[in-house]
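Structure record follows, encoded as structure tokens.
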Amino acid sequence: MPKYKGWAGKILRVNLSDGSVKAEDTNDYLDYIGGMGIGYKVMWDEVPVGVKPFDEANKIIFAAGPVTGTGAPCTARTNITSLLPSNPQHLIGDGHMGGHFSPEMKYAGWDAIIIEGKAPRPVWLRIEDEKVTIEDARKLWGQGIFDTTADIAGIMGQETQVAAIGQAGENLVNLATIMSNGNHSAGALGGVMGSKNLKAIGIIGTGSVQYAADREDWIALNDHVMSIIGANNQHVVPSTPQPWAEYHDPASRWTAQEGLFWGAADKPVETGICEPENINKVGYRTQKAVKDHGMIAEDYTVRMGGCQSCPVRCHSSLEIPELENYGVSRYVMNTCMGYWSHYMAMRNMDEKSGFLAKTLGAQLADDYGLWCNYGQLGRDLNYAYDKGILKDVLPAAEYNSIPWDKFEAGDPEFLVDLYRRIAYKEGEISHLGDGAAWLAERWDFDEDYWNDEAHHLWSPMGYPLHHANESNGQVGSLINIIFNRDPMNHSHQNFLGSGLPTKLLKEIAAEIWGSEDAVDEPANYTPMNRAKAKFAKWSLVTCALHDSLTVCNWMFPMATSPLKKRNYRGDTSIEAKYFSLTTGIKMSEEELYKAGERILTLHRAMTVKQMGTVDMRNEHDIIVDWVFDMDPDKKPFTPGTIKMDRDDMEKAKTMLYEELGWDPETGAPTYDKLVELGMKDAALELGKLGLLPGNVQ
Amino acid sequence: MGKEQKKSIIELMAEKVRSDSAQAKITNVDAFKEEPIKLPEEDLEDKLEVFKTEEEYADIKILRGTGIYLFSEDKMTLNYAKTMARIADKDIMALIASTVRDDSEIYPRATPAKTFYQHPYNIDKGIFDDVLEEMENKEEYKDIKGVRASNGALYLYSNKYLAEDHAAYLAEDIEVVQKEVP
Ligand code: SF4
């Protein structure tokens, strides 16, 4: 029996080596909430240092949090934790996906699924509530994700939720995804499933997730959220001037406006004016197709789609008959980088070919289960091509067999050839799928690969920037150094991109982080200060919380709102309120943040343990040189540059470490902090390994 | 049922303003000269005074540009009404300059030129290009400058509020960077 409401109460452990299936008690993990927290705890306790991602001893954990499945808005994320194949030190990391998978997992009675071992032959996992069986997947092996998903749904029933890998995962491509609903992908960990011979997990759950609160209180909170919710990324102003709006921002994802349609719907649907008070039109606010592709996409837009229980709908569903010319379905659905990364793998395109490249690329990559490393794969291809490296490293026969004429001509069909080679590990060029750090070493890239801002690389660990120095200077930069892949953190970005004038954001910043100085004008930065460190900490902690609760970090925290009558203030206590109403455990915002700190600090402790050093500042939290050397004619902290200053950034690290209670010199968690967060065991283990700052035993 | 009481002129005027605002339009006072209001020109300022002073018309606000415009702030924000008034004034140079200055000062951001081709501005691109060229030679618009992102898109800014380098980055950010890092 679950001790509290919200959690299903059980964790499913499946050992693919011996075929055993066990139910364990979620209560052992409640301090870590769920999702990412459960994932880190399992990895910390059970995966020894030195294990590699594709080793049988590695584990992969699919986990949700207590709020998922309750129907609260934007709460259907699935967090997946394991060792990262693309990270050169195979450090711990996550991928996460939206869709409907984790609510279904909860309805089946499971908070998490721990997969361990390795099946002797391809299998898939069939879960129907309590009934869990390991099924033969030899017929599915070799298939893409779309057919696999359809076949499993054909066997189990159309309500089945499936998480599957494609050929990229099967072939142990480092940059491989796990995909649910055919368009919600968790990057980075598809190869881990492949290494375990696990093709897919199919789930049907017939239960429910219960919350502890009175119905009225629950509905009141939902209504409150719906009253302050914005468009995707919690953008709270429209992209064009509109009668109801005091402000607008051309960059806003609130693209709905008069005369803008879902043009390929059976009967075209006008997005129109969506006043904030009209909650029945929340789903029209984000016409994401035109945001991702420009106006060309309007006539191809069937509708918006997205995750279970999300009123916002950030995935665009398109019908593009021309896609059939490339041998793929005319129906495609995705969002953001799921489209854009394919554009970045191409060149010399016009509006139409760019649109086709994005959508064809999405069809191919989503079926192969190929991950773009947040757009880096395409940039790597272009770099190696432009530098003539490909001519040096590819055998001539292979080089000549690649349709470079199509690449040069901006013909999207190039992607059909390229992605097949990578997904099937055909030839040397397939090493583009290894990930940037491995690739740079293999193909002996020069320093300019790392140090040219055009390549967007952020860390020597081979991940690119993801809302880094372009997002409030030191704040985004700090957020980009802590994890072992791109940080997938939108807490800061949603706030900064809300569309409100900087003056208003500064007022709100003063209320949350103690000073207006937490926020600078875009590209007009000031030196580091304490409020920025608090802003960075808040972003890191809330993101860890979101991936543990599990709620959508593209919508939460809602620090701003579209409502003038609230002076555009949002409400950062919503997550704590949902946690309390769901579980019955009364938790304040501060207390919940403490749990987020615990999860973040456990990630840090695991990274320290894996790297075998406490010197996170100099060994891990490294930023490549272009960030400090770009714009040679400009000094940091002058208008028009996002260039950072080396000394200032070291000061920024110190302040963040202090805010997190980590050792200000090394950036490693201290004994006292670990004990304060209830992780004395971890403190003792690190002490034994000599991995506490100051080498406290 | 008694006969509906005849509405006063001020009530009819308020009704017209509120109805226009609900349809995202501002009301030019010239409209009051028409049926059924037929307001004599010499009475206009008195009526505007009523809107300014009487509680029941507190939502109705007055904007003066080339023309005089009214709107109901229950249905339309001041910023939007200002934009509509500038459009109604049909002074494209002033419209461009004031929009660009607002963006540069308030947010701050550079203004995409394409904004002016779209609703609610709807300026023909050819006309826009000609007007922009003309503005370069006018002293009162000397602060309005253009800058191009690396993909060629034109952005405008006011150098009273934004330095050129700053405007250039902001244009590049929205046009290129935000797409590469969505
Ligand atoms: S905003 Fe997008 S990712 Fe977030 S819950 Fe909604 S559909 Fe899913």
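Other residues, nucleotides and ligands contribute at most 12 non-hydrogen atoms within 6.0 Å of the CD atom of E164(B). The environment of CD in E41(B) is sparse: at most 12 heavy-atom neighbours from other residues, nucleotides or ligands sit within 6.0 Å. By the neighbour-count criterion of 12 heavy atoms within 6.0 Å, atom CD of E133(B) is sparsely surrounded, having that number or fewer from other residues, nucleotides or ligands.
Y343(A) contributes atom OH, which lies 8.5 Å from atom NZ of K179(B) (distance to the nearest 0.5 angstrom). Between D173(B) atom CG and E470(A) atom CD the span is 7.0 Å, to the nearest 0.5 Å. Between the CD atom in E275(A) and the NZ atom in K75(B) there is a gap of 10.5 Å [rounded to 0.5 Å].
In this structure, the portions of V181(B) lying under 4.5 Å from any heavy atom of chain A include both its backbone and its side chain. For W244(A), the part sitting under 4.5 Å from any heavy atom of chain B is the backbone (N, CA, C, O) and nothing else. At a 4.5 Å heavy-atom cutoff, K564(A) makes no contact with chain B through either its backbone or its side chain. The contact between E521(A) and chain B is made entirely by side chain atoms (from C-beta outward), counting heavy-atom distances below 4.5 Å. For A245(A), the part lying near chain B is the backbone, with the side chain staying farther off; criterion is any non-hydrogen pair under 4.5 Å. Looking at A24(B), both its backbone and its side chain come within 4.5 Å of chain A, counting heavy atoms on both sides. The part of Y121(B) that comes within reach of chain A is its side chain, from C-beta onward, which places non-hydrogen atoms under 4.5 angstrom from that chain. For M337(A), the parts lying near chain B are the backbone and the side chain together; criterion is any non-hydrogen pair under 4.5 Å. At a 4.5 Å heavy-atom cutoff, the contact between L465(A) and chain B is made by backbone and side-chain atoms alike. Contact of D249(A) with chain B is made through backbone and side chain together, with heavy-atom distances under 4.5 Å.
Your options are G375(A), G378(A), P522(A), S341(A), and the one with the most heavy-atom pairs under 4.5 Å with chain B is P522(A). When each of I273(A), T502(A), T335(A) is checked for heavy-atom pairs under 4.5 Å with chain B, T502(A) comes out on top. The candidate from Q493(A), M344(A), Q257(A), R253(A) with the greatest count of non-hydrogen atom pairs under 4.5 Å with chain B is M344(A). Each of Q242(A), K503(A), H466(A) has some count of heavy-atom pairs under 4.5 Å with chain B, and the biggest count is that of Q242(A). Chain B forms more heavy-atom pairs under 4.5 Å with one residue of R379(A), K634(A), E258(A), K291(A) than with any other, namely K634(A).
A heavy-atom distance below 4.5 Å is found between the side chains of P250(A) and I174(B). Side chains of P639(A) and Y169(B) form no contact here, defined as non-hydrogen atoms less than 4.5 Å apart.
With hydrogens and angles disregarded, no donor-acceptor distance shorter than 3.5 Å links the side chain of H119(B) to the backbone of T240(A).
Of the N and O atoms on the side chains of E180(B) and H456(A), at least one donor lies less than 3.5 Å from an acceptor on the other residue.
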**Prompt:** N524(A) and H166(B): side chain to side chain contact (heavy atoms under 4.5 Å, CB included), yes or no, with the steps?
**Reply:** CA-CA 7 Å; N524(A) 189 11; H166(B) 197 187; 3.6 Å; yes
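For a heavy-atom cut-off of 4.5 Å, chain A lies close to N79(B), Y80(B), I106(B), Y107(B), P108(B), R109(B), P112(B) in residues 78-116 of chain B.
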